[in-house]
Amino acid sequence: MHEFLLVLVSIAGPMSTEIRTVVDIPVVGYGEAAFNLAGVYGQKVGMLFFIKERLDFWPKQLAAWGLTERFAGIEHAGVVFQDVLNGLTDPAQTHGVVARIIEKGEKLVRETGADVIVPGEMPLNLLLARAGVTEIAGASVMDGIATSFKFAEMLVDLRKMAGMKPSNRGFYHASPDRNRFEQVLDFYGLKELGKRIPSA
């Protein structure tokens, strides 16, 4: 029997809670996995990010994940997407872009006391991981891809070894009525998709 899992390598993990209610496989979002696992690596978790427009989103998202107490704060990485892209594709620019990010990471650690840093977007994560940045000013830097996939593998293993799976109790976790679910898929022209999704 093949084991399936769904890994959303977006820090926001869009719709991960809802997806868990309709499929019977492990569903992991990068941000949720990284911030939860960060508690094993330190006490206060900070985040570097480059999309300024989402500044207000993150405190609310951490609250939704129940992780507000360990959230140290957030700091703009001092770069924009194009800088990160240049750092990933042009070796001549990599060092300079990474250095700017590290400088902002040091500020985050200094001003918030963060001892773990989560890169706020996957391209930023890729750049730091590729550059071998595993710590900034003594704070551990989470590798989002490694974290997400290992977290998902752990959930698969725990299901095999101990029968553990996500709760289906309560408003946010209960599986929807299957007939209603099929009706919604049919409305959006996805009826055939529903036949291929095993019930949660």
Side-chain angles (χ1 to χ4, degrees), residues 1-47 57-72 114-122 125-126 128-129 134-135 139-200:
M1 177 179 170
H2 296 290
E3 295 293 339
F4 296 95
L5 52 87
L6 175 60
V7 178
L8 304 167
V9 284
S10 160
I11 190 164
M15 300 294 291
S16 56
T17 299
E18 293 80 1
I19 293 169
R20 288 184 190 114
T21 68
V22 297
V23 297
D24 192 26
I25 59 175
V27 177
V28 173
Y30 158 37
E32 193 175 15
F35 276 99
N36 272 293
L37 193 59
V40 177
Y41 288 89
Q43 298 295 314
K44 299 181 73 177
V45 187
M47 188 173 80
F57 172 82
W58 292 112
K60 291 182 180 179
Q61 185 61 59
L62 269 290
W65 288 334
L67 300 171
T68 303
E69 288 186 9
R70 74 173 60 134
F71 188 45
D115 50 19
V116 181
I117 296 173
V118 173
E121 296 92 3
M122 190 50 72
N125 179 93
L126 286 170
L128 294 177
T134 58
E135 64 92 18
S140 298
V141 176
M142 301 297 289
D143 182 329
I145 288 185
T147 297
S148 299
F149 281 93
K150 281 298 182 182
F151 208 86
E153 288 174 8
M154 178 187 70
L155 294 180
V156 170
D157 289 343
L158 286 172
R159 179 75 174 265
K160 288 179 181 177
M161 294 171 60
M164 295 170 59
K165 60 182 181 177
S167 171
N168 64 0
R169 182 179 183 277
F171 178 77
Y172 291 102
H173 304 288
S175 298
D177 177 79
R178 191 70 186 189
N179 290 331
R180 181 60 179 150
F181 176 60
E182 297 287 352
Q183 289 172 356
V184 171
L185 288 177
D186 190 27
F187 178 81
Y188 287 104
L190 300 170
K191 188 172 184 178
E192 294 304 310
L193 175 64
K195 295 176 182 177
R196 299 195 299 269
I197 300 176
S199 301

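Counting heavy atoms from C-beta outward, M122 and I145 have side chains that approach closer than 4.5 Å.
When atom types are taken as modelled, the side chain of S175 and the backbone of T21 share a donor-acceptor pair closer than 3.5 angstrom.
Pairing each heavy atom of G46 with each of A114, the nearest pair is N-CB, 3.7 Å. Closest non-hydrogen pair, A63 versus T68, comes out as CA-OG1, 3.1 Å.
The distance from the CG atom of D177 to the CD atom of E182 is 10.0 Å, given to the nearest 0.5 Å. The CD atom of E18 lies 10.0 Å from the NE2 atom of H173; values are rounded to the nearest 0.5 Å.
At a threshold of 4.0 Å, the pair D143-K150 does not count as salt-bridged, since none of the basic side-chain nitrogens sits closer than that to a carboxylate oxygen.
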Donor-acceptor pairs under 3.5 Å, side chain of residues 28-45 to any protein atom, not counting sequence neighbours: which ones?
| from | atom 1 | to | atom 2 | distance (Å) |
| --- | --- | --- | --- | --- |
| Y30 | OH | P119 | O | 2.5 |
| E32 | OE1 | R20 | NH2 | 2.9 |
| N36 | ND2 | E32 | O | 2.8 |
| K44 | NZ | T112 | O | 2.8 |

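Considering L155, D24, L158 in turn, D24 is the only one that fulfils the side chain to side chain contact (heavy atoms under 4.5 Å, CB included) rule with K165.
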